[in-house]
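Below is one structure; the comments refer to it alone.
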Number of protein chains: 2
Amino acid sequence: MIDKHLMKLRARDDISAEEEQALYDALGEVLHYPADHTFITAGKELDRSTLLLEGILCRYKDLSDGERQITELHVAGDFADLHSFTLKHLDHNVMTLTPAKIVQVPHERLKRITEQHPHLARVLWFSTNLDAAIHREWEVSLGRRSALQRAAHLFCELQVRLGIVGLATEHEFALPLTQVDLAECLGLTSVHVNRVLKELRERKLVEFRSSRVAIADLAGLRRVAEFDPAFLYLDKRAR
Amino acid sequence: MIDKHLMKLRARDDISAEEEQALYDALGEVLHYPADHTFITAGKELDRSTLLLEGILCRYKDLSDGERQITELHVAGDFADLHSFTLKHLDHNVMTLTPAKIVQVPHERLKRITEQHPHLARVLWFSTNLDAAIHREWEVSLGRRSALQRAAHLFCELQVRLGIVGLATEHEFALPLTQVDLAECLGLTSVHVNRVLKELRERKLVEFRSSRVAIADLAGLRRVAEFDPAFLYLDKRAR
DNA sequence: CGCTGCTTTGAAGCCCTTCAAACCAGGTGG
DNA sequence: CCACCTGGTTTGAAGGGCTTCAAAGCAGCG
């Protein structure tokens with residue numbers, strides 16, 4: 001059931017059979033959520049974390065004028081809110097962008113992992129630090145990259161992250177988001193996202209339509225985005 | 001020596017005398033760095049973390065055109081790169097913005113903490129998750145807030161964070177940064193930062209000059225920034 | 001007293017937003 | 001089976017917030 005999560009972890013470190021079992025033992029209830037469903041609200045006390053099995057989630061914050069900023073996208077195999085284990089409540093909301101299948105992991109069982117499996121605990125710690133690395137890369141995009149580069153960079157990031165769990169090739173992947181969703185990731189208006197997507201299409205770099213990303217020229221796309229996958233920590237080593 | 005770090009941790013959870021001792025036992029060499037000194041470079045293997053005792057540090061990424069984005073500021077009491085414990089190398093650089101006094105903490109000794117002090121390990125994990133929360137708030141600023149709001153929000157954040165370690169009052173705190181430094185935090189040009197600071201001054205909200213922030217109207221400043229300190233997790237509870 | 005780094009100000013321009021409306025595909029119901 | 005509705009996409013025109021370029025002002029210091 002958590003094969004994609006294991007793929008993600010094992011791309012970064014060795015996970016023993018015993019540790020794999022400890023993870024399985026930590027699993028709780030499996031749930032199916034519809035699209036556009038906010039299932040974690042900022043400030044609310046949490047006693048379990050959410051491991052995404054299928055679909056796409058996002059973390060987001062709302063502003064007073066109705067604007068929204070998505071701070072991270074989550075794909076299958078990601079813990080959406082592992083950080084709630086130490087934070088106890090979150091500073092942001094989490095919602096589904098597509099229909100999603102998730103499995104809950106009670107914090108009580110995560111606590112046991114920190115007590116009985118220090119290495120696995122460090123790997124989980126690593127994985128929250130990986131989320132922070134993604135945040136940092138988004139800060140760079142939002143602060144310093146042009147609209148075209150931001151969009152290109154996001155597609156590059158998703159191609160790698162989905163590739164790790166077998167959901168993307170060099171040429172394409174499914175991405176059932178709207179242009180509004182993308183705009184909320186990129187700090188742009190959906191109108192401008194539309195124009196940027198048009199330019200990426202005309203430059204024969206990438207095509208985003210009918211819920212798919214078709215990459216015409218991955219090298220060119222990465223060049224435009226100045227994409228360096230180092231921030232995704234794909235080197236496998238002891239954590 | 002690490003009293004400010006303990007103040008920071010104890011604002012979020014209880015730290016026992018035994019845990020405090022474990023932290024002291026983990027300390028290594030104390031170093032003094034000059035201002036504008038990059039002492040951690042992206043990609044370089046690390047075997048120790050850096051606890052800031054005095055001064056201001058920043059994490060930053062450089063872009064090909066010479067632009068720079070600062071992704072977080074660090075104040076006394078912060079671990080600047082505790083996340084390198086699980087990441088092993090970083091995706092960003094770390095530099096001093098002022099002269100700084102730091103103490104190194106070998107990863108080997110942090111590993112021992114994860115094995116012998118699970119609760120303290122969770123508190124340290126929490127503290128890297130707090131950095132991620134700050135990243136998210138910056139994403140919101142960079143993606144959705146106006147230049148004026150971004151600057152106001154940063155001052156509010158620093159007032160709280162410095163206040164926790166006794167380095168800020170409701171009315172003022174030392175901040176020996178240049179307008180160029182601020183611009184690199186805020187995703188703006190230094191020219192525009194200058195205009196924004198002028199407006200904050202004219203609106204009688206906050207004055208930034210000669211290395212100090214003088215807050216004329218904290219409530220008004222927070223209103224302009226739409227500042228909510230919840231993302232700093234100041235509620236004390238078991239982690 | 002002149003250098004250096006930082007701050008301040010002005011003028012022009014551009015990237016992205018705003019506002020508005022048309023277009024399009026998929027699903028529903030008469 | 002088409003008319004209609006709805007959510008999403010596309011395009012145009014005008015405007016604004018921030019950048020760019022340029023230069024002057026200013027404080028600290030050797």
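Within every chain, numbering begins at 1; the chains are lettered A, B, ... in the order of the sequence lines, protein sequences first and strands thereafter.
Scored by the side chain to side chain donor-acceptor pair (under 3.5 Å) test, A/Gln179 finds A/Asn194 as partners (sequence neighbours excluded). The ring pair (Phe, Tyr, Trp, His ring centres under 6.0 Å) test applied to B/Phe173 returns no partner, not counting sequence neighbours. In terms of the side chain to side chain donor-acceptor pair (under 3.5 Å) criterion, A/Arg144 has no residue partners (sequence neighbours excluded). For B/Glu45, the salt bridge (Lys or Arg N to Asp or Glu O under 4.0 Å) test picks out A/Arg237, with sequence neighbours left out. Taking the salt bridge (Lys or Arg N to Asp or Glu O under 4.0 Å) definition, one finds that A/Arg223 meets it with nothing, sequence neighbours left out.
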Expected string for nucleotides 23-30 of chain D under the B/S/- scheme (protein heavy atoms, under 4.0 Å, primed atoms plus P, OP1, OP2 as sugar-phosphate) is --------

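Sequence neighbours left out, the pairs with a member in residues 60-69 of chain B that pass side-chain hydrogen bond (donor to acceptor under 3.5 Å, both in side chains) are A/Glu137-B/Lys61, A/Glu226-B/Ser64, B/Thr38-B/Tyr60, B/Lys61-B/Asp91, B/Asp62-B/Arg68. Residue pairs meeting the ring pair (Phe, Tyr, Trp, His ring centres under 6.0 Å) criterion with at least one partner in residues 29-55 of chain A, sequence neighbours excluded, are A/Tyr33-A/His37, A/Tyr33-A/Phe39. Residue pairs meeting the salt bridge (Lys or Arg N to Asp or Glu O under 4.0 Å) criterion with at least one partner in residues 177-197 of chain B, sequence neighbours excluded, are absent.
Between B/His192 atom NE2 and D/dT19 atom C1' the separation is 9 Å, expressed in whole Å. Counting to the nearest Å, the P atom of C/dT17 and the CG atom of A/Leu186 are 10 Å from each other. Regarding B/Leu148, its CG atom lies at a distance of 9 Å from the P atom of D/dC18, rounded to whole Å. Atom-to-atom, CG of A/Leu177 to C1' of D/dG7 comes out at 15 Å; the value is rounded to the nearest Å.
Sequence order on DNA chain C of the closest nucleotides to A/Val196 and B/Thr178 puts B/Thr178 first from the 5' end.
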Check the interface with nucleotides 10-12 of chain D: list each N/O to N/O pair with the protein under 3.5 Å, or write none.
unit_1 : atom_1 : unit_2   : atom_2 : d
D/dT10 : OP2    : A/Gln179 : NE2    : 2.6
D/dT10 : OP2    : A/Asn194 : ND2    : 2.7
D/dT10 : O5'    : A/Asn194 : ND2    : 3.2
D/dT11 : OP2    : A/Lys198 : NZ     : 3.4
D/dG12 : N7     : A/Arg195 : NH1    : 3.4
D/dG12 : O6     : A/Arg195 : NH2    : 3.4

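Looking at A/His153 and A/Val140, their side chains never come closer than 4.5 Å, going by heavy atoms from C-beta outward.
Ion pairing between B/Lys88 and A/Asp235 fails under the 4.0 Å rule for side-chain N and carboxylate O.
The stretch residues 60-71 of chain A has no heavy atom under 4.0 angstrom from DNA chain C at all. A heavy atom lying under 4.0 Å from DNA chain C marks none of the residues of residues 135-144 of chain A.
What you find for A/Leu57 and A/Ala100 is that their closest heavy atoms are CD2-CB, 4.0 Å.
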Inset, instruction - List the steps, then state whether ring-ring contact (aromatic ring centres under 6.0 Å, His included) holds for B/Phe231 with A/His92. - result: CA-CA 8 Å; B/Phe231 75 98; A/His92 57 81; over 10 Å; no

- prompt: Between A/Phe79 and A/His5, does a ring-ring contact (aromatic ring centres under 6.0 Å, His included) hold up when you go through it step by step?
  reply: CA-CA 8 Å; A/Phe79 259 111; A/His5 183 57; 5.1 Å; yes

